[in-house]
Amino acid sequence: MRFLANENFPFPSIIILRGKGYEVISVTEVMSSAKDEVILQKAMEEQLIILTFDKDYGELLFKYFYLSPPGVVFFRLENFFPEDVAKILLSRVENDRLELDSYFTIIENDKTRQRKLR
């Protein structure tokens, strides 16, 4: 899997994911301050799954019908350390066999929900 980590995604978690062999492009490193629409376009063009804490992506995709990237993972976590985000994601993907392609995935502390992207 290839990821595009939004600016609000913790850098320690980016490092952990890269260390596990995942390609993670950081918005902060390559396109700082880019608007959500530009990030969606990059994710579509390069076939990247967006990692974010920004709920606006759900609105853009489901209310305003922007073209969908391969996937979006929206984190709604409470009381976490920056490295916990990667650990939770890896656990859900590797242990729970969570599929991220073609889904808007919401990861919370105690559950995961998904909605199919068009």
Side-chain angles (χ1 to χ4, degrees):
M1 276 182 280
R2 301 175 63 227
F3 297 110
L4 179 60
N6 203 4
E7 286 182 303
N8 56 19
F9 192 81
F11 201 75
S13 282
I14 292 173
I15 293 170
I16 290 170
L17 292 171
R18 287 175 177 168
K20 288 285 192 172
Y22 292 97
E23 180 181 349
V24 183
I25 297 170
S26 167
V27 169
T28 302
E29 293 175 325
V30 299
M31 51 193 296
S32 184
S33 300
K35 294 184 182 273
D36 293 341
E37 297 84 358
V38 174
I39 293 168
L40 279 171
Q41 185 66 36
K42 181 171 182 66
M44 286 174 29
E45 290 171 358
E46 297 189 28
Q47 293 297 291
L48 302 165
I49 296 170
I50 296 173
L51 302 175
T52 188
F53 279 79
D54 184 352
K55 66 181 178 183
D56 292 342
Y57 287 98
E59 188 172 317
L60 290 171
L61 295 171
F62 298 114
K63 183 176 180 182
Y64 297 112
F65 304 106
Y66 275 75
L67 293 177
S68 299
V72 176
V73 181
F74 168 52
F75 294 88
R76 294 182 66 187
L77 301 174
E78 297 178 9
N79 303 321
F80 64 90
F81 292 104
E83 61 277 0
D84 291 344
V85 182
K87 293 174 184 176
I88 291 168
L89 177 63
L90 290 170
S91 172
R92 308 260 171 108
V93 168
E94 295 172 358
N95 298 336
D96 300 342
R97 309 237 186 265
L98 182 66
E99 180 61 47
L100 301 177
D101 286 324
S102 303
Y103 287 98
F104 186 92
T105 302
I106 301 168
I107 293 182
E108 298 179 79
N109 292 70
D110 59 344
K111 65 183 174 183
T112 302
R113 295 179 287 138
Q114 292 188 298
R115 182 172 174 185
K116 190 81 168 155
L117 292 170
R118 344 174 231 103

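Computed from a predicted model, the values in this text were never measured in an experiment.
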Between [X] and [Y] (side chain of the first, backbone of the second, donor and acceptor by atom type, cut-off under 3.5 Å), is there such a pair?
X: Arg76; Y: Lys55; value: no
X: Ser102; Y: Leu117; value: no
X: Gln47; Y: Pro70; value: no
X: Asn6; Y: Asn8; value: no
X: Glu37; Y: Leu60; value: no

Separation between [atom1] of [X] and [atom2] of [Y], rounded to the nearest 0.5 Å:
X: Met31; Y: Ser26; atom1: CE; atom2: OG; answer: 10.5 Å
X: Glu7; Y: Ile39; atom1: CD; atom2: CD1; answer: 6.5 Å
X: Asp56; Y: Glu59; atom1: CG; atom2: CD; answer: 6.0 Å
X: Asp54; Y: Phe9; atom1: CG; atom2: CZ; answer: 13.5 Å
X: Ser91; Y: Asp84; atom1: OG; atom2: CG; answer: 11.5 Å
X: Glu23; Y: Leu4; atom1: CD; atom2: CG; answer: 10.0 Å

Would [X] end up clustered with [Y] when hydrophobic side chains under 4.5 Å apart are linked, directly or stepwise?
X: Ile107; Y: Leu51; value: yes
X: Ile50; Y: Val24; value: no
X: Val30; Y: Val38; value: yes
X: Leu40; Y: Tyr64; value: yes
X: Leu77; Y: Phe74; value: no

Side-chain contact, heavy-atom cut-off 4.5 Å: [X] with [Y]?
X: Ile25; Y: Lys42; value: yes
X: Pro10; Y: Phe53; value: yes
X: Phe11; Y: Glu29; value: yes
X: Leu100; Y: Leu89; value: yes
X: Tyr103; Y: Thr112; value: no
X: Leu90; Y: Ile16; value: yes
X: Val85; Y: Phe75; value: yes

Original post:
Does CG in Asn79 sit with more than 12 non-hydrogen atoms of other residues, nucleotides or ligands closer than 6.0 Å?
Top reply: no
Original post:
Within a reach of under 6.0 Å around CD of Glu94, are more than 12 heavy atoms found that belong to other residues, nucleotides or ligands?
Top reply: yes
Original post:
What residue among Arg115, Arg92, Gln114, Arg113 forms side-chain hydrogen bond (donor to acceptor under 3.5 Å, both in side chains) with Thr105?
Top reply: Gln114
**OP:** Please confirm whether Phe104 and Tyr57 have ring centers closer than 6.0 angstrom.
**Re:** no
Original post:
So, for Met44 and Ser68, which heavy atoms are closest and what is the spacing to 0.1 Å?
Top reply: CG-O, 3.5 Å
Original post:
Which atom pair, heavy atoms only, marks the closest approach of Ile49 to Val72?
Top reply: CG2-N, 4.2 Å
